Amino acid sequence: MPRPTRVGRRAALTLLACAVPLAARGQTAPAAAVALPELSVVGSATPTGPLPGEARGSLSVPSVDTQRATLYGTVGSVAFVDAATIQDRYANTAIRDVLKDVPGVYVQERYGQELRLSVRGSGVARNFHLRGIELLQDGIPFNLADGSGDFYQIDPLALRSVEVYKGGNALTFGATTLGGAINFVTPTAYTALAPNILRLDGGSFGTIREQAQMSRIDGPLDVLVNATLTNSDGFRAHEAQATRNFNANIGYRIAPDIETRFYLGTYITDQKLPGSLTLGQSLTTPTLANPTAITGNQSRKVETERIANRTSFLLDVGKLDVDTWAIHKSLYHPIFQAIDQDGWTYGISPHWAGTFDLGGFRDDVVLGLRAYAGQNSALQFVNIRGQRGAKTLNSLQSASSYEAYGENRFWFLPDVALMTGAKAFSPNRTFSDKGGVPGNVTPRFADLTYSGINPKIGLLWQPLPDLQVFGDVTRSRDVPDFSDLVQQNLLNTTFVPLQAQRAWTYEAGARGRVDRLAFDVTLYRSDLRDELINFSTNPGLNIPAATFNTPRSIHQGVEAAVTLDVARDLAAAGDGLSLTQIWTHNDFRFVRDPVFGNNRIAGIPPDVLRTVLSYRHPSGFHIAPALDWVPQGAFADHANTLRVPGYALLGIEAGIDFANGVSLFVDARNLTDARYVSDVAVVANAAATAGGAGALAAFYPGNGRSVFGGVRASF
């Protein structure tokens, strides 16, 4: 691996090339229209009438329209979700229910708030937590210092918009992993849908949720607070969950060109775990819990506190944002053993963006630095009905990373931009066994540094204001987190010095609107080296999956969303009927692997389709039946000996928005009560497991028929 000094020299040269336009400092270019209409929230109902504060935004958090326009200036595949369009659905998790209309994003609920998230096969076979995607809230990292992440802290009712940057297209945030980055933007008092929001919803499986949001503007000060409480018994036995989420957003305009904004959050999750079942049980008695989950009282209790700050400076040329953050996470997780962890992550990131006139041509530049670190005290105990028994592991996990990145978009023609960019990085992983449990960890101390540079080049052609065509080539690097490096079985814990996953991704696509047709289509291929692949050694016991590097693999696919405005003024002046088709095609394969040959990588089905028919009446009434279809299920093992069945789910969303700010909605799911497998704990070879594939407890049944409803008051 390159030495840090070499990386520093290469980073300086690369960023210098990206920053050539700085010589033109002080010159400005005429504004160019590089904004597109909302393309990704296809098939979703949009609110009628203007939104309070929509045109304003603030220095640190621009308006939603500006956020959308900035996103669609990206040379590459991206997606934008306006949270105003998802207010009339029951959003159990921010990831699944907010992003299910975005092509290329694969999300499957496992139980409660536990789910699988993958973009372009990131963490394809990993059946827990997150790998290969950077989660951000308000542009500030939410992942821990080792790159790992969870979804529980993202409150779907505390969002104003969501930005999806697939793959290396997240370079604007400094993220260059295979899956890219998802930025969850919370509202400010300027962008909130209303100064006051009260919401109560609930329904099947003993679910009830209360939410309250209040925002105020007083001169240079703006404040918004949001609290959400959720309780649910769950579809399956031993699946009860309770969540308590609190977010606060406080901004202050220090001077006309300076603004500071604090983000405060507390997130508490208490989730019982029902475990995995056999394939037969999943399709016949899906409400069962795995007996081991009950006897071990398996659960997950997570308490997270987050404080972050963004201070923005409007300069003569461009804007400088300086982000700082600190995250404290406490986890108590009795599964095969009782996992007890407590840690901190903290970081700083200056980020500058500006536009220049370079010889009569427009040039957009982004430059940034990131430095973050953290420590995690990782203990394990014998699990005695959910309580701590004898200590089995006493370790300390430390991680840090230093990163520099830059991106340049040079408009050498009025409608064509050349994008170049790069990120230099040097992350470190240090593991130490503090003793007290002889013979448990090998080695007792490990220190790994992964360094490199990820370049990117691409073209963006915008022949019309509402049409873009793009193509780009990006290099990504995914560094193992401690869940990969510290591997476990029933007998001991072992540190495995894995290589970083590397990939070149090639993509081409188009997005825009032509008359009544809106579309967003991307084709991509990633050639990977040393991909981090997982398989469960004993999924029925909830033992974390083992991870290995496969020499070569390929991820390729299609991400497509098309919406047709079928009819306008159908039953009344101003109404509309639209039809949306979303298709994600996944082709992930080993390449001449010593064990698995050219088999498909297990865990994700080859095709995921979603069809939505939406109708909206000017009175505020709206209805949207939807069909989610997986024609062929995913393989359960890398040996490709067992595949789960495909399935089709029928649902419907409906509601009415009254002029006085009161809204009613109903969200019915899986109306045919289909039995299906929503996710798999991937194994190496299902046919070779003890008792055969029929005894393999590696499957998570999907939820049965459910109906949720709610009332929301905005004033």
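What you see is a predicted model; the values in this text were computed from it and never measured.
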- Query: Taking atom types as modelled and ignoring hydrogens, do the side chains of Arg261 and Ser58 form a donor-acceptor contact shorter than 3.5 angstrom?
  - Reply: yes

- Query: Do Ser401 and Glu403 meet the criterion of a side-chain donor-acceptor pair at a distance under 3.5 Å?
  - Reply: yes

- Query: Got a sec, which residues hit side chain to side chain donor-acceptor pair (under 3.5 Å) with Ser161, two or more places apart in sequence or on another chain?
  - Reply: Gln67

- Pair Ser678-Gln108, side-chain donor/acceptor within less than 3.5 Å: no

- Side chains of Glu259 and Ser60, donor plus acceptor under 3.5 Å: yes

- Query: According to the interplanar angle, ranging from 0 to 90°, do the rings of Phe708 and Tyr90 count as parallel (below 30°), tilted (30 to 60°) or perpendicular (above 60°)?
  - Reply: parallel

- Message: Taking the basic N atoms (NZ, or NE/NH1/NH2) and the acidic carboxylate oxygens, is any pair closer than 4.0 Å for Arg131 and Asp481?
- Response: no

- Check whether the side chains of Asp65 and Ser63 place a donor and an acceptor atom closer than 3.5 Å, and report yes or no. no

- Message: Against Phe142, only a single residue in Leu136, Ile154, Asp150, Leu130 fulfils side-chain contact (heavy atoms from CB on, under 4.5 Å); can you say which?
- Response: Ile154

- Item | Contact list for residues 226-250, test ring-ring contact (aromatic ring centres under 6.0 Å, His included), sequence neighbours left out | Phe205-Phe235

- Message: Test your reading of the model: is there a side-chain donor-acceptor pair from Asp138 to the backbone of Thr186, 3.5 Å cut-off?
- Response: yes

- Message: What I want to find out is whether Asp323 reaches Arg370 closely enough, with some N-O distance under 4.0 Å, to be called a salt bridge.
- Response: no

- Message: Does either side chain, that of Ser312 or that of Asp321, offer a donor lying less than 3.5 Å from an acceptor on the other one?
- Response: yes

- Going by atom types alone, do Asn247 and Tyr267 pair a side-chain donor with an acceptor below 3.5 Å? yes

- Note: Arg199-Asp201 ion pair, threshold 4.0 Å (strictly below): yes

- Got a salt bridge between Arg669 and Asp97, using NZ or NE/NH1/NH2 to carboxylate O under 4.0 Å? yes

- Task: State plainly whether the residues Asp342 and Lys329 are in salt-bridge range, i.e. N to O under 4.0 Å.
- Result: no

- With sequence neighbours left out, the residues meeting ring pair (Phe, Tyr, Trp, His ring centres under 6.0 Å) with Tyr676 are Tyr647

- Charged N to carboxylate O below 4.0 Å: is that the case for Glu653 and Lys100? yes

- Do Asn376 and Gln341 meet the criterion of a side-chain donor-acceptor pair at a distance under 3.5 Å? yes

- Task: Indicate yes or no for a side-chain donor-acceptor contact from Arg216 to the backbone of Ala189 under 3.5 Å, with no hydrogens or angles considered.
- Result: no

- Task: Give a yes or no on whether a salt bridge exists between Arg68 and Glu163, defined as a side-chain N under 4.0 angstrom from a carboxylate O.
- Result: no

